[in-house]
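Structure first, commentary second.
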Amino acid sequence: MEKTFIMVKPDGVQRNLIGEIVARFEKKGFRLVGAKLMQISTALAEEHYGEHKDKPFFGELTGFITSAPVFAMVWEGENVIATARKMMGATNPAESDIGTIRGDFGLTVGKNVIHGSDSPESAEREIGLFFNESDLLDYNKDQNQWIY
Ligand code: DAT
Ligand code: MG
């Protein structure tokens with residue numbers, strides 16, 4: 001089954017949105033397979049956001065993501081990568097649809113509450129950066145017979 005990396009960013013943690021965000025993914029029918037509250041090092045931030053290293057906002061982005069704890073998660077389910085991106089909304093909350101996480105809780109692109117992998121390749125890479133294989137649990141969830 002497909003897995004993706006989702007992270008409540010420092011603004012989301014400070015604004016008490018962990019529970020709200022976890023609830024949305026739970027209610028959608030996805031299964032949480034790993035999670036941790038952590039503070040990201042500069043080295044990990046620069047690696048995670050490596051694709052943006054030449055962008056003018058790279059320093060602001062890595063500074064922000066390392067500024068306070070984040071809540072890192074791995075979620076699993078059919079089409080979870082693309083569906084999670086839809087649930088998050090557009091990168092800039094000013095353009096995110098209302099009803100999405102960024103559309104409901106964010107105002108500015110620099111503090112847009114949540115990260116989610118954008119492709120199978122980035123999901124595999126990002127899960128590997130943040131979690132050990134042994135951190136991810138494979139367990140039975142009885143709800144699945146009512147979802148699939
Ligand atoms: P996403 O997080 O939707 O995958 P992205 O990968 O293009 O978006 O950018 C990563 C993060 O960088 C994004 O969540 C917020 C920040 N960012 C993107 N564009 C920005 C900009 N123009 N100014 C400031 N921060 C920006
Ligand atoms: Mg991205």
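Counting convention: from 1, in listed order, for ligands and their atoms alike. What you see below is based on every heavy atom in this structure, not just the backbone, and it leaves out hydrogens, waters and symmetry mates.
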Between D142 and N140, do the side chains contain a donor N or O and an acceptor N or O under 3.5 Å apart? yes

Side chains of S117 and E126: any donor to acceptor distance under 3.5 Å?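 Present: a donor and an acceptor within the cut-off.
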
Just distances here: any N/O of N112 and N/O of ligand 1 closer than 3.5 Å?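 Min N/O separation from ligand 1 is below 3.5 Å for N112.
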
What I want to know is whether H115 and ligand 1 share at least one N or O pair that is separated by under 3.5 angstrom.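 In this structure, H115 places no N or O atom under 3.5 Å from an N or O of ligand 1.
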
Identify the closest protein heavy atom to [atom]: which residue and atom is it, and at what distance?
{"atom": "atom 22 (N) of ligand 1", "result": "F57 CD2, 3.8 Å"}
{"atom": "atom 4 (O) of ligand 1", "result": "R85 NH1, 2.8 Å"}
{"atom": "atom 7 (O) of ligand 1", "result": "H52 CE1, 3.6 Å"}
{"atom": "atom 2 (O) of ligand 1", "result": "R102 NH2, 3.1 Å"}
{"atom": "atom 15 (C) of ligand 1", "result": "V109 O, 3.4 Å"}
{"atom": "atom 11 (C) of ligand 1", "result": "L61 CD1, 3.8 Å"}
{"atom": "atom 3 (O) of ligand 1", "result": "T91 OG1, 2.5 Å"}

Can the ring centroids of F130 and F5 be said to lie less than 6.0 angstrom from one another? yes

What orientation do F30 and F25 show, parallel under 30°, tilted 30 to 60°, or perpendicular over 60°? tilted

K9 heavy atom under 4.0 Å from ligand 1: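 Contact present.
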
Is the positively charged end of K36 above the ring of F71, judged by distance under 6.0 angstrom from the centroid and angle within 45° of the axis? no

Test: K9 cationic atom under 6.0 Å from F64 six-membered ring centre, within 45° of axis: no

Under 4.0 Å between a side-chain nitrogen and a carboxylate oxygen: does that hold for E121 and R125? no

